[in-house]
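As the structure is a prediction and not an experimental result, all values here were calculated from the model. Residue numbering restarts at 1 for every chain, and letters A, B, ... go by the order of the sequence lines.
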2 protein chains.
Amino acid sequence: MNLSQLAKELNLSISSVSKALRDSHEISSATKKMVMAKAKELNYQVNPFASNLRKQKSKTIALVVPEVANDFFGPVISGMESVAQQKGYHVLIYLTHEDMQKEISIIKLLQNGRVDGIMMSLSAQTTNTGHLEELKEMPLVFFDRVADHIDVPKITTDDFNSGFMATDHLIKNGCKRIAFMCISQNLSICKKRMNGYLEALKKNKIERENSLIIPCIGDHEENKDSIRKLLKRKNRPDGIFASVEKLAIATYEICEELKLKIPQDVKVICFSNAQTVALLNPSLTTITQPAYEMGEKAATILFKLIENKRDPFLLENTILDSKLIARDSTKSKRKKNQNVL
Amino acid sequence: MNLSQLAKELNLSISSVSKALRDSHEISSATKKMVMAKAKELNYQVNPFASNLRKQKSKTIALVVPEVANDFFGPVISGMESVAQQKGYHVLIYLTHEDMQKEISIIKLLQNGRVDGIMMSLSAQTTNTGHLEELKEMPLVFFDRVADHIDVPKITTDDFNSGFMATDHLIKNGCKRIAFMCISQNLSICKKRMNGYLEALKKNKIERENSLIIPCIGDHEENKDSIRKLLKRKNRPDGIFASVEKLAIATYEICEELKLKIPQDVKVICFSNAQTVALLNPSLTTITQPAYEMGEKAATILFKLIENKRDPFLLENTILDSKLIARDSTKSKRKKNQNVL
DNA sequence: GTGAAAGCGCTAACAC
DNA sequence: GTGTTAGCGCTTTCAC
């Protein structure tokens with residue numbers, strides 16, 4: 001069923017039908033009604049490709065993320081999709097699996113007009129952003145894992161401050177030697193969290209110790225190895241600040257293996273959005289990001305960008321607040337635990 | 001940059017260039033080489049809409065899921081996307097948010113040729129599948145939450161057997177009064193799990209008690225209310241079989257609130273793919289589905305269906321095995337715990 | 001081996 | 001208020 005058949009059924013011209021369907025003011029309301037009714041009856045739907053081709057836009061956006069089997073990106077996607085659905089946009093999803101080459105080829109794929117805009121979070125292995133700088137005309141929004149030097153809207157949480165808060169919380173609960181574990185050397189988000197960590201050490205007059213900054217960029221077993229080595233050192237840390245949930249899980253596993261007690265022997269804090277953290281043994285102190293809201297916000301800004309590329313106001317970064325939720329994994333002996341700091 | 005500009009640059013006709021780019025045997029290898037080189041140089045990419053319009057297919061599939069903030073659908077998506085990427089397909093993602101009306105309008109949206117096929121898992125509130133039965137010509141694959149009576153390929157785990165195993169495991173560990181909690185009255189997956197539960201009761205000569213079959217179809221707080229009421233009964237159950245993770249979490253929360261000990265007072269088993277279940281307090285006995293593989297399988301079958309609609313062999317259902325992983329939440333006093341049943 | 005031309009289904013400028 | 005028509009960029013049949 002296409003326009004021409006529909007027009008024939010109605011004894012109207014194709015263009016009149018087309019206009020009627022799009023509620024053009026050129027068409028009398030009587031014919032509009034007629035056309036709408038017939039279209040419904042015959043279950044007519046516009047052909048998106050013909051329409052996209054003609055209009056040179058697609059009503060489709062791309063979402064490019066490192067992975068989705070994860071408690072952060074899940075709600076982000078949910079937030080984005082809600083906004084897109086409401087705006088009548090379609091969402092194409094692409095996973096980089098943390099691989100820069102995949103990221104590059106996905107971005108290449110998106111340069112032919114298939115989408116009107118892109119929302120993305122960088123892969124942990126992306127060392128070089130030439131592929132993104134080439135996206136000159138394409139509306140682009142970064143969220144969470146951003147490329148700082150690319151001048152597009154960015155939706156993040158305050159990672160420096162979160163890093164600071166987390167570290168300060170460990171120190172306040174008695175930690176003297178705190179390890180920082182991150183999943184990438186490249187991501188600005190990791191650098192910022194680390195800078196917050198370093199700043200908190202400095203403020204508390206604790207000397208930085210490079211051997212306590214542990215890159216965990218491998219698979220789960222490799223990361224566990226790194227953590228095992230760390231916790232077997234004579235001079236092992238008494239606090240661990242993990243930048244992602246899977247590293248906290250690995251830490252719990254190694255502590256069990258080495259018979260180290262959390263929080264007595266080691267305290268643990270971690271970025272996480274998992275629902276189960278409060279039920280862990282012991283319950284895990286977390287910094288929780290407003291994932292759903294980040295998704296909503298990123299999509300909202302992207303649509304503004306698509307609809308009005310020239311609004312310089314849009315280029316301002318959006319920084320949302322994360323929450324530190326203190327639980328048992330960082331509890332000190334002397335001090336009663338607070339619930340939300 | 002389009003075909004006609006590229007052709008001009010090369011002093012060739014549009015059609016020759018088009019053929020050369022698609023490696024047609026009509027074109028000499030010399031010109032092919034030339035064309036390819038120039039296309040690369042000028043970064044030519046085919047316009048997908050023109051191409052789709054002309055070829056009447058889209059190289060795009062739709063994924064329709066209830067939600068994504070969840071440890072099951074995350075890996076499923078990951079599996080699907082891997083296969084799609086490899087086959088050069090694009091994936092549109094749509095969330096029904098468990099709402100039948102949304103599901104219906106999404107499915108309507110997909111009937112205009114935008115996608116070549118659909119993979120879907122039903123919303124919990126879908127009571128009626130007319131919208132899906134209308135998809136006559138559209139390749140369709142169900143996974144996990146399937147509509148039994150619609151004759152398309154289905155990828156599931158053995159839900160009856162899983163329900164049986166879970167219940168039998170509770171009984172073997174000493175439970176006499178087992179509650180079954182599910183998220184929907186409509187989903188066949190819930191019915192099958194329940195039938196497995198009932199069969200295990202029967203086999204063990206335990207009488208069915210309808211007041212122990214608890215629909216948990218509300219939000220988290222409503223579900224907690226139902227569970228609270230259940231566990232406050234004089235004659236409270238000594239075992240709980242939850243069909244999704246969030247219900248087990250709710251159960252843990254209520255047990256803590258009511259000072260009931262797991263597994264001493266109540267044993268808990270649950271379907272879950274979360275990474276954290278082993279670290280819960282106590283560690284949670286789960287039935288774990290092969291989520292990533294289900295995604296891969298569903299996508300693989302959908303592509304076969306798209307490429308060859310007439311292969312009756314494809315209509316066979318695929319049933320993958322779930323694993324029962326026994327942990328502390330179902331441990332009996334007398335009996336040493338097994339690890340994988 | 002190469003090119004001309006029709007047409008996928010739609011939109012929008014223009015004519016009446 | 002309605003109709004005619006020229007493309008959007010591509011693929012493919014057919015002619016040479």
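Residue-to-nucleotide proximity on DNA chain C shows that, of A:Ser4 and A:Glu26, the 5′-proximal contact is made by A:Ser4.
A:Leu6 places its CG atom 13 Å from the C1' atom of C:dC10, with the value rounded to the nearest Å. The CG-C1' distance, from A:Leu3 to C:dC8, rounds to 13 Å in whole Å. Rounding to whole angstrom units, CG of residue B:Asn11 and C1' of C:dG1 are separated by 16 Å. Between the CD1 atom of B:Ile27 and the P atom of C:dG3 there is a distance of 8 Å, given to the nearest Å. One atom, CG of B:Asp23, and another, P of C:dG1, lie 13 Å apart when rounded to the nearest Å. Counting to the nearest Å, the P atom of D:dG9 and the NZ atom of A:Lys57 are 16 Å from each other. Going from atom NZ of A:Lys8 over to atom P of D:dT2 covers 20 Å, rounded to whole Å. Atom NE2 of A:His25 and atom P of D:dG1 are 10 Å apart (whole Å).
Separating the CZ atom in A:Phe143 from the CE atom in A:Met120 is a distance of 8.5 Å, to the nearest 0.5 Å. Between the CD atom in B:Gln101 and the CD atom in B:Gln125 there is a gap of 10.0 Å [rounded to 0.5 Å].
Of the side-chain N and O atoms in A:Tyr44, one or more sit less than 4.0 angstrom from OP1 or OP2 of C:dC10. In terms of phosphate contacts, A:Arg22 brings no side-chain nitrogen or oxygen within less than 4.0 Å of OP1 or OP2 of C:dC10. Within the structure, a side-chain polar atom (N or O) of B:Ser13 is placed less than 4.0 Å from OP1 or OP2 of C:dG3. Distances shown here put a side-chain N or O of B:Thr31 below 4.0 Å from the OP1 or OP2 atom of C:dT2.
Out of D:dC10, C:dC10, C:dT2, the shortest distance to the side chain of A:Val46 is found at C:dC10. Side chain of A:Lys19, nearest nucleotide from C:dG3, D:dG3, C:dG1: D:dG3.
Applying the side chain to side chain contact (heavy atoms under 4.5 Å, CB included) rule to A:Asn43 yields the partners A:Gln45, B:Gln111; only residues at least two apart in sequence or on another chain are considered. Remark: A:Asp148 engages A:Ser188, A:Lys192 in a side chain to side chain donor-acceptor pair (under 3.5 Å) (not counting sequence neighbours).
Using the six-membered ring where Trp is involved, A:His90 and B:Tyr94 have ring planes that are perpendicular, over 60° apart on the 30 and 60° scheme.
The 12-atom threshold is exceeded at NZ of A:Lys38, counting heavy atoms of other residues, nucleotides or ligands nearer than 6.0 Å.
Not one N or O on the side chain of B:Arg145 forms a donor-acceptor pair closer than 3.5 Å with the backbone of B:Ser121.
Base engagement by B:Ser16 is indicated by at least one non-hydrogen atom pair under 4.0 Å involving a base atom. Base contact: B:Ser18 has a heavy atom under 4.0 Å from a base atom.
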Mind listing the N/O atom pairs, protein and nucleotides 5-8 of chain D, below 3.5 Å?
residue: D:dG7; atom: N2; partner: A:Arg54; partner atom: NH1; Å: 3.2
residue: D:dC8; atom: O3'; partner: A:Gln56; partner atom: NE2; Å: 3.2

